Trainee: 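The structure that follows is given in the form of structure tokens.
Keep in mind the model is a prediction, meaning the values are calculated, not measured. Numbering of ligands and ligand atoms starts at 1, following listing order.
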Amino acid sequence: MSLEHILHEMRLFKSAEELKLMRRAGEVSAAGHVKAMQVCQPGLYEYEIEAELIHQFVKHGLRAVAYPSIVAAGKNACVLHYTDNDGKLKSGDLLLIDAGAECDHYAADITRTFPISGRFTEPQRALYELVLDAQLAAIEQIKPGAAWHLAHDASVEVLTRGLVKLGLLKGRVPKLIKDEKYKQFYMHRIGHWLGMDVHDVGDYKVDKEWRLLEPGMVMTVEPGLYIPADCDSVDKKWRGIGIRIEDDVLVTAEGYEILTSAVPKTVAEIEAVMQGG
Ligand code: GLY
Ligand code: MN
Ligand code: MN
């Protein structure tokens with residue numbers, strides 16, 4: 001008999017001891033992201049920001065990254081698994097960072113997106129706040145007994161509604177969702193199990209039905225919007241903007257606990273940290 005499935009189920013449910021390691025991975029990774037916001041300025045290269053993240057991880061005793069860091073300025077953020085990290089940071093662009101450290105083999109997986117100059121432009125702010133609303137709505141779905149897909153569906157609903165309001169999609173929201181029109185700008189799932197691997201083992205469906213969440217499971221919640229630079233179906237001001245916001249969320253008996261909440265997330269919090277607040 002293959003032990004694989006039994007082992008994967010064991011990995012899906014975290015013990016108190018494992019959660020200590022995941023909280024530490026989350027805290028230290030958060031420190032790396034805060035540092036990146038503090039040192040960010042136009043003229044630096046993406047790899048210089050990557051170096052700051054790794055410096056923080058190692059300085060706190062976590063000497064392994066959970067996965068290759070993504071540091072993507074401007075339209076590079078629209079490339080989902082961008083890891084070249086050799087572009088120059090330009091004032092007026094956003095910087096998307098997806099990076100996490102490992103603590104005794106347990107991963108953190110955090111994404112933040114912020115303005116290189118320290119202040120969001122109006123179009124950037126509008127799309128950012130939409131992604132944030134989608135993330136918060138998705139996180140609110142997380143509790144024991146909730147089916148796995150509810151968080152994803154919540155993000156799709158909020159993003160589609162917002163894209164219509166801002167004029168990037170045209171039509172009726174239920175039909176746009178049914179026709180998956182949002183997928184041209186939001187083409188991945190809401191998240192994945194997290195643990196010893198960044199995309200950890202564990203079934204997402206049981207008997208073809210979406211799995212119900214249970215205490216001890218940890219998943220990422222990471223909606224995004226990626227407007228290709230050559231997308232001529234939308235106004236110029238939106239083109240080339242890529243935004244993702246990702247946190248690591250533990251299912252608890254009462255609902256959820258965010259393991260990565262130490263990184264600023266609202267527009268006001270991000271702008272304050274970048275202005276030295
Ligand atoms: N860092 C990989 C992911 O977010 O899934
Ligand atoms: Mn992830
Ligand atoms: Mn990630």
Trainee: Check ligand 1 against Glu246 and write out every atom of the ligand that is under 4.0 Å from a heavy-atom position of the residue.
Mentor: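 Going through ligand 1 atom by atom, the ones under 4.0 Å from Glu246 are 4 (O).
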
Trainee: Which N, O or S atom name in His192 marks its closest approach to the Mn ion (ligand 2)?
Mentor: NE2

Trainee: With side chain to side chain donor-acceptor pair (under 3.5 Å) as the test, pick out the partner of Tyr67 among Asp197, Thr83, Asp98.
Mentor: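 In the set Asp197, Thr83, Asp98, the residue that makes a side chain to side chain donor-acceptor pair (under 3.5 Å) with Tyr67 is Asp98.
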
Trainee: Within 2.8 Å of the Mn ion (ligand 2), is there any N, O or S atom belonging to His199?
Mentor: no

Trainee: Are Asp109 and ligand 1 in contact, using a heavy-atom cut-off of under 4.0 Å?
Mentor: yes

Trainee: Can you tell me how far the CH2 atom of Trp193 sits from the NE2 atom of His8, to the nearest 0.5 Å?
Mentor: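 Result: 14.0 Å between the selected atoms.
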
Trainee: For Lys75, does the NZ atom have more than 12 heavy-atom neighbours from other residues, nucleotides or ligands under 6.0 Å away?
Mentor: no

Trainee: Atom 5 (O) of ligand 1: which protein heavy atom is closest, and how many Å away?
Mentor: His199 NE2, 2.5 Å

Trainee: Of the options Val273, Ile116, Ile97, which is the one that meets Cys40 in a side chain to side chain contact (heavy atoms under 4.5 Å, CB included)?
Mentor: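 Exactly one pass, corresponding to Ile116.
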
Trainee: Below 4.0 angstrom from a heavy atom of Tyr67, which ligand 1 atoms are there? Numbered from 1 as shown, please.
Mentor: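 Counting from 1, the qualifying ligand atoms are 1 (N).
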
Trainee: What residue among Leu163, Leu166, Leu225 forms side chain to side chain contact (heavy atoms under 4.5 Å, CB included) with Trp238?
Mentor: Leu166

Trainee: Do the side chains of Leu12 and Arg211 get nearer than 4.5 Å, heavy atoms only?
Mentor: yes

Trainee: Distance alone, cut at 3.5 Å: any donor-acceptor contact between the side chains of Tyr186 and Ser155?
Mentor: yes

Trainee: Decide, counting backbone as well as side-chain atoms, whether Glu246 has an N, O or S atom less than 2.8 Å from the Mn ion (ligand 3).
Mentor: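 Glu246 does place an N, O or S atom closer than 2.8 Å to the Mn ion (ligand 3).
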
Trainee: For the Mn ion (ligand 2), which N, O or S atom of Glu222 is at the shortest distance?
Mentor: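 For Glu222, the N, O or S atom at the smallest distance from the Mn ion (ligand 2) is OE2.
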
Trainee: Before moving on, can you tell me the angle at the Mn ion (ligand 3) between the OD1 atom of Asp109 and the OD1 atom of Asp98, to the nearest 10 degrees?
Mentor: 90°

